[in-house]
Amino acid sequence: MKQNRFKRQARDALDWYDANARDLPWRVGPSARAAGLRPDPYRVWLSEVMLQQTTVATVRPRFAAFVSRWPSVGALAAAAEDDVFGEWAGLGYYARARNLHRCAKVVASDLNGVFPDTEEKLLALPGVGPYTAAAIAAIAFDARAIVIDGNIERVAARLFAIDRPVRVAKADIRERLDRIWPNDRCGDFAQSLMDLGATICTPRKPSCPICPLNDHCLAAAGDDPARYPTKPAKPVRPDRAGAAWALFDGRDRVLLVRRPPKGLLGGMMALPSAGWSDHDDAPPAAAQWKDAGSIEHVFTHFRLTLTVHAGAAPKGMRLREGEVWADAASAAVPTVMRKAIDRAIAHRDSRNSPSPA
DNA sequence: TAATCGTGGTC
DNA sequence: TGACCAAGATT
């Protein structure tokens, strides 16, 4: 297929994409794409939100679970917020789950269930920032939007040999990308650069010899393509410590409370805990607390050592406001809380049936 | 603007 | 083992 309407960089990337695009559940296949079929905006939006700072491998099964349970934006909008949080548990960045549900409600109620087809309107939706707005516009609607994610930023920094840190070179990168960006197949071009970044133009040890953009790449012409993009040094991660209390009833259930709607683990169910975030819970009432050991967890900006206390609920105990009993082994909670609950369960079981040393 | 916000995989 | 990294948004 001749594609003379494209600049050479775009033509080469698109040709490569036509032969090598990753098969992903939120995309349409090559034959459907050739027939002019576009992907479902709902699925594009959902995948883009899930993929924010999250790997394809992690998203794949979660995306399948979401679209199976909620096949349309209307279905998602009609869901209970708690069910959305439950499906999101373990995915991280929990503000995304809240904004996802808010966005679904806006689209379903105010926009008749139809996603906007322009960057500007998409940008107004909750949880949709500059990247996601451009990605949806380009991929779902083939609008001419310049899509810049971490992959494309890296590919561009190498293609144009941009020496300054990407933080300060953002406008320059956008300008240079604009010059080679096609006027149609914008979504495919964006995804071609993302696939290139994920499979060939990787952060470490890029496979320049097999790259379709090798002939155009200023970094590849130099002696160390991997030195682009330049990144500032990361700040050190401080240590924090706290306590969590796992109160069990007699039937393998554990007491959970809901975290405040904003901030760390916002809106998610969790063990009562204190001392490590800006929110402290009071310890529940137990006849006696036993030290169940501790767990470690690494967040984006600190490391946490959480001391876990395990106890049994007093007979006839009544739940206070916001407290619930949940099956300890299967409760939908953030990973740090899953570790803590598992630690408490292990402690309880080791006490009940000591294993041989 | 810079800080905040999770988690799992890789080398 | 620890540092880096992944289809960023919000305030």
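Since the structure is predicted, the reported quantities are computational estimates derived from the model, not experimental observations. Convention: sequence-line order gives letters A, B, ...; per-chain numbering from 1. Both backbone and side-chain heavy atoms feed into the values below; hydrogens, waters and symmetry mates do not.
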Look at the side chain of [X] against the base of [N] and say whether a donor-acceptor pair falls under 3.5 Å; ignore hydrogens and angles.
X       : N      : answer
R167(A) : dA2(B) : no
T300(A) : dG6(B) : yes
T54(A)  : dG8(B) : no

Report which part of the nucleic acid [X] touches: base, sugar-phosphate, or nothing (heavy-atom distance under 4.0 Å, all strands).
X       : value
W45(A)  : nothing
V336(A) : sugar-phosphate
V128(A) : sugar-phosphate
R338(A) : nothing
L91(A)  : base
T132(A) : sugar-phosphate

Would you indicate which nucleotide in [options] comes nearest to any side-chain atom of [X]?
X       : options                 : answer
T335(A) : dG6(B), dC4(C), dG8(B)  : dG8(B)
K231(A) : dG6(B), dA6(C), dC11(B) : dA6(C)
R154(A) : dA6(C), dT7(B), dA7(C)  : dA6(C)
Q52(A)  : dT7(B), dA9(C), dA7(C)  : dA9(C)

Checklist line | Nearest-nucleotide 5' precedence on DNA chain B, H301(A) against K339(A) | finding: H301(A)
If we count only N and O atoms by modelled type, under 3.5 Å, do the side chains of [X] and [Y] hold a donor and an acceptor together?
X       : Y       : value
R62(A)  : T54(A)  : no
Y131(A) : Q52(A)  : no
K290(A) : H347(A) : no

Note to self: Just verifying a value: how many Å separate D149(A) CG and I152(A) CD1, rounded to the nearest 0.5 Å?
What the structure shows: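 So the gap between those two atoms works out to 4.5 Å.
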Check: For DNA chain C, whose closest nucleotide is more 5', that of D195(A) or that of K262(A)?
Finding: D195(A)
Checklist line | Distance, C1' atom - from dT11(C) to dT7(B), rounded to whole angstrom | finding: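 Roughly 23 Å separates the two C1' atoms.
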Notebook entry, point to check: For atom P, what is the distance between dA9(C) and dG8(B), given to the nearest Å?
Noted result: 22 Å
Notebook entry, point to check: Between F299(A) and W276(A), how do the two ring planes meet: parallel, tilted or perpendicular, split at 30° and 60°?
Noted result: parallel
